[in-house]
Novice: 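Can you read through this structure? Questions will come right after.
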Amino acid sequence: MFRRRTPRSYGQMASDLIYPRGGWRRAGTYVLHRLRRLPDQPHRIGRGVAAGVFVSFTPFFGVHFATAAACAWLIGGNILAALLATFVGNPVTFPFIAVLAVSLGRRILGYGGELGPQQIFGEFARASAELWHNIRSALGPERAHWGHLSEFFHQIYWPYMVGGAIIGLLVSIVAHYLTVPVIRAYHRRKQKKMAERIARVTGSVPGGPLATTAAHEAMHEGGAAPRPADSPRDT
């Protein structure tokens, strides 16, 4: 019933990951809308957002969802909020995140030289290919090569992890304290609208809860309780 009439091809799925059909602005608005409507307490949603944002700054490509869910579970956050918050890491922001994280990590670890986004992601692609080659070599006659993977880990992956953890922690704390009041304000506005809707419905019914409450207040003030307009005594 809810399936597409014409299923998307793998090429369309890949292109949507790089650039959604409605644009990144619309995708971001959708994520914020879903976060506000989550049926959970604001502080739990805030923790989930913090977990998702933090993971977006780590080099755990391919397992960001699983890592964000695990982090949210550990700190008592909303898991769905954590998954939605990983939207912070996307093809538009990843180059900036990677350069900032690797640069900071290399400075902290005492490594020299600056790396651009093309170099960083090029090394990730090369390391992934070499890792896959070594896995296949364990089942065949090919010979495994671990030299480049060792250099990649020390020169890029570990600095990315160190720098990304520091930046991600700071940004996630800010995201948490920005999210909680926004969710609370949304919940208060939603409760106010619901109360107004209930008041309109119950206020239009003679003898309803609001009419009964008004009668009790009048009696406490020493006055007589108001009679409904259609009371038999008035006829």
Novice: Same cluster for Phe65 and Leu80 if Ile/Leu/Val/Met/Phe/Trp/Tyr side chains link at under 4.5 Å?
Specialist: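 Cluster IDs for Phe65 and Leu80 differ.
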Novice: Which distance, rounded to the nearest 0.5 Å, do you find between the CG of Asn78 and the NE2 of His43?
Specialist: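 Here the interatomic distance stands at 10.5 Å.
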Novice: Is it the case that over 12 heavy atoms from other parts of the model lie below 6.0 angstrom from the OH atom of Tyr177?
Specialist: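 Atom OH in Tyr177 is not crowded, with 12 or fewer foreign heavy atoms closer than 6.0 Å.
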Novice: Given the rule that I, L, V, M, F, W and Y join up when any side-chain heavy atoms are under 4.5 Å apart, are Phe54 and Trp158 in one cluster?
Specialist: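 No.
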Novice: Verify the cluster assignment for Met161 and Phe61: are they in a single hydrophobic cluster under the rule of side-chain heavy atoms below 4.5 Å apart?
Specialist: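 Yes, Met161 and Phe61 fall within the same hydrophobic cluster.
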Novice: Taking all non-hydrogen atoms of both residues, which atom of His64 and which atom of Val55 are closest, and how far apart?
Specialist: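 Taking every non-hydrogen atom into account, NE2-O, 3.3 Å.
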Novice: Within a strict 4.5 Å, meaning less than it, do heavy atoms of the Thr58 and Tyr160 side chains meet?
Specialist: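 No, side chains not in contact.
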Novice: Test of understanding: with salt bridge (Lys or Arg N to Asp or Glu O under 4.0 Å), list the residues that count as partners of Arg184, not counting sequence neighbours.
Specialist: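 Not a single residue meets the salt bridge (Lys or Arg N to Asp or Glu O under 4.0 Å) criterion with Arg184.
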Novice: When rounded to the nearest 0.5 angstrom, what is the spacing between SG in Cys71 and CZ in Arg47?
Specialist: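 The distance works out to 14.0 Å.
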Novice: Group every Ile, Leu, Val, Met, Phe, Trp and Tyr by side-chain heavy-atom contacts under 4.5 Å, then state whether Ile156 and Ile108 land in the same group.
Specialist: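 Both belong to a single hydrophobic cluster.
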Novice: Rounded to the nearest 0.5 Å, what separation is found between the CG atom of Leu104 and the CZ atom of Phe57?
Specialist: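 Nearest 0.5 Å value for the CG-CZ distance: 11.5 Å.
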Novice: Which distance, rounded to the nearest 0.5 Å, do you find between the CZ of Arg197 and the OG1 of Thr202?
Specialist: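 Those atoms lie 13.0 Å apart.
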Novice: So does His154 have more than 12 non-hydrogen atoms from other groups sitting under 6.0 Å from NE2?
Specialist: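 Incorrect, the count does not exceed 12.
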Novice: Roughly how far, to the nearest 0.5 Å, is the CG atom of Leu131 from the NE2 atom of His148?
Specialist: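 Between His148 NE2 and Leu131 CG, I get 11.0 Å after rounding to 0.5 Å.
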Novice: Distance-only criterion, 3.5 Å: show the donor-acceptor pairs between side-chain atoms of residues 109-122 and protein atoms not counting sequence neighbours.
Specialist:
from, atom 1, to, atom 2, distance (Å)
Glu114, OE1, Ser103, OG, 3.0
Gln119, OE1, Gly116, N, 3.0

Novice: Grab the two heavy atoms, one from Thr86 and one from Ala68, that are nearest each other, plus how far apart they are.
Specialist: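 Heavy atoms of Thr86 and Ala68 come nearest at CG2-CB, 3.7 Å.
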Novice: Assign the ring pair Phe152 / Tyr157 to parallel, tilted or perpendicular, where the plane angle (0 to 90°) is split at 30° and 60°.
Specialist: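 Correct class here is tilted.
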Novice: Could you tell me which residues satisfy ring-ring contact (aromatic ring centres under 6.0 Å, His included) with Phe60, sequence neighbours excluded, listed by chain and number?
Specialist: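 By the ring-ring contact (aromatic ring centres under 6.0 Å, His included) rule, Phe60 matches no residue at all.
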Novice: Just to verify, what does Arg106 make a salt bridge (Lys or Arg N to Asp or Glu O under 4.0 Å) with, not counting sequence neighbours?
Specialist: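 Arg106 satisfies salt bridge (Lys or Arg N to Asp or Glu O under 4.0 Å) with no residue once adjacent residues are dropped.
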Novice: Show the atom names and distances, to 0.1 Å, of all donor-acceptor pairs under 3.5 Å that link a side chain in residues 162-169 to residues at least two apart or in another chain.
Specialist:
none

Novice: Let me confirm one number: the CG-CZ distance from Leu149 to Arg126, rounded to the nearest 0.5 Å.
Specialist: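 If I round to the nearest 0.5 Å, the distance is 9.5 Å.
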Novice: Which heavy atom of Ala51 sits nearest to which heavy atom of Ala72, and what is that distance?
Specialist: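 Where Ala51 meets Ala72 most closely, the heavy atoms are CB-N, 3.7 Å.
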Novice: Distance-only criterion, 3.5 Å: show the donor-acceptor pairs between side-chain atoms of residues 92-99 and protein atoms not counting sequence neighbours.
Specialist:
from, atom 1, to, atom 2, distance (Å)
Thr93, OG1, Val88, O, 2.6
Thr93, OG1, Asn90, N, 3.0
Thr93, OG1, Asn90, O, 3.3

Novice: Are Val102 and Phe153 connected in a single hydrophobic cluster, I mean Ile/Leu/Val/Met/Phe/Trp/Tyr linked by side-chain heavy atoms less than 4.5 Å apart?
Specialist: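 Linked within one cluster.
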Novice: If every non-hydrogen atom of Val180 is compared with every non-hydrogen atom of Pro42, which pair is closest and at what distance?
Specialist: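 The answer is CG2-O, 3.8 Å.
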